[in-house]
Amino acid sequence: MNPTSTAQLMDGAGLARRSVEETTAAAEEIRLRTGTAPCLATVLVGEDPSSVTYVRMKRNRCARAGIESRHVALPAESTTQDVVAAVTALSQDPGVHGILLQHPMGPGVDERAAFEAIAPEKDVDGVTMHSFAAMGFGLPGFVSCTPGGIMRLLDAYEVGLAGKHAVVVGRSAILGKPAGMLLLGRNATVTYCHSYTADLSSLVRQADVLVAAVGRPRFITGADIRPGAVVIDAGYNEGNVGDVDFATASERASLITPVPGGVGPMTIAVLLEQTVTAASRQLGLS
Ligand code: NAP
């Protein structure tokens, strides 16, 4: 770390480890009480190398937590109908408790239609309109995993959110937008920035809590960090680099997530936790 750094690191890796330990114990309890282990189905369309790696990693992590996984590999030339049919079958299969549909799915697939084939009670990745609406209304439901992981990190470090100005840079459906909605639900005043935002720097400088979800390496530098701000870097770019310039930002922030070891591990921890919660509900335990 930079020797002049003043920020405290938000240890996502450590928090995720503890969370996965709890999830593993909960999965084992379900298995002992029902004779059935929680099961996550993963669906991959085509062979995009990053997607193959992500799915393999998620299945390995499931196995280590006592969660079974079932993999469905569909050819790259699959149509929307093919993907919807495969996901619908998993939605109806009582042996499957959660469904992870990896994207991108290729040009031949209407991704929204494919996601909507996931039964809400199995939407452990929080990608359906049902889950998104439930989150917006503040009703129970599964959250998108990365924003869910961000909220757990903020809570673990007891970051007060009510009345704070949270600035979210990025508005993707899986990350920026739900992150802002969850922060709003906790009474932060939320500003979204995106590629059309005028004078982004001046808005970022006002952030008490900054969430960077842009997908551009070191896009936000220390010069734009308000002294004492809490900086959550959700970015993950080539070379293990975040969207925030860690060296300069950590000289001004009070708390900051490292990349790697910050938000990333929390995403998978939330996926595993939500899978076990889904299994518990479907098996009548909660
Ligand atoms: P995305 O779908 O590409 O969205 C990027 C967002 O950033 C868009 O809303 C875009 O604005 C905005 N943006 C792009 N260039 C900008 C600019 N110059 N100024 C202001 N805003 C700009 O990406 P994503 O899926 O949300 O991912 C964002 C980052 O998070 C990536 O680095 C990704 O690898 C990482 N990520 C990490 C995890 C994890 O588990 N840690 C999970 C998911 C993603 P417009 O909407 O106007 O285009």
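One-based numbering, in listed order, for ligands and for the atoms of each. Note that the numbering runs from 1 along the sequence shown for the chain. These numbers come from the heavy atoms of this one structure, side chains and all, not from hydrogens, waters or symmetry mates. Only a predicted model underlies this, so the values are computations on that prediction, with no experimental measurement involved.
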Practice item. Please determine, by modelled atom types, if T257 and D233 share a side-chain donor-acceptor pair under 3.5 angstrom. Key: no

Review point. So which bit of V214 gets within less than 4.0 Å of ligand 1, heavy atoms only: side chain, backbone, both or neither?
Key: both

Review point. For atom 20 (C) of ligand 1, which candidate among H194, K177, R171 holds the nearest heavy atom?
Key: H194

Point to revise | Test item: Q274 side-chain N/O and C145 main-chain N/O as donor-acceptor pair under 3.5 Å | key: no

Practice item. Looking only at distances, please establish whether an N/O atom of ligand 1 is found under 3.5 Å from an N/O atom of Y196. Key: no

Point to revise | Of the listed options V241, D243, I174, closest to atom 25 (O) of ligand 1 (non-hydrogen atoms) | key: I174

Check your understanding: Would a 4.0 Å cut-off, counted as strictly less than, catch a protein heavy atom around atom 4 (O) of ligand 1?
Key -> yes

Review point. Do any nitrogen or oxygen atoms of A234 lie less than 3.5 angstrom from nitrogen or oxygen atoms of ligand 1?
Key: yes

Review point. Does ligand 1 have any atom sitting under 4.0 Å from a heavy atom of A213?
Key: yes

Review point. Under a 4.5 Å cut-off applied to non-hydrogen side-chain atoms, are R152 and D155 in contact?
Key: no

Review point. Heavy-atom contact under 4.0 Å between T197 and ligand 1?
Key: no

Check your understanding: Strictly by modelled atom types, are S280 and S286 linked by a side-chain donor-acceptor pair under 3.5 Å?
Key -> yes

Exercise for review: May I ask you to test the D82-T79 pair for a side-chain heavy-atom distance under 4.5 Å?
Suggested key: yes

Study note, to complete from the structure: At under 4.0 Å between heavy atoms, what of L200 touches ligand 1? The answer is side chain

Point to revise | H165 side chain to T191 side chain, donor-acceptor N/O pair below 3.5 angstrom | key: yes

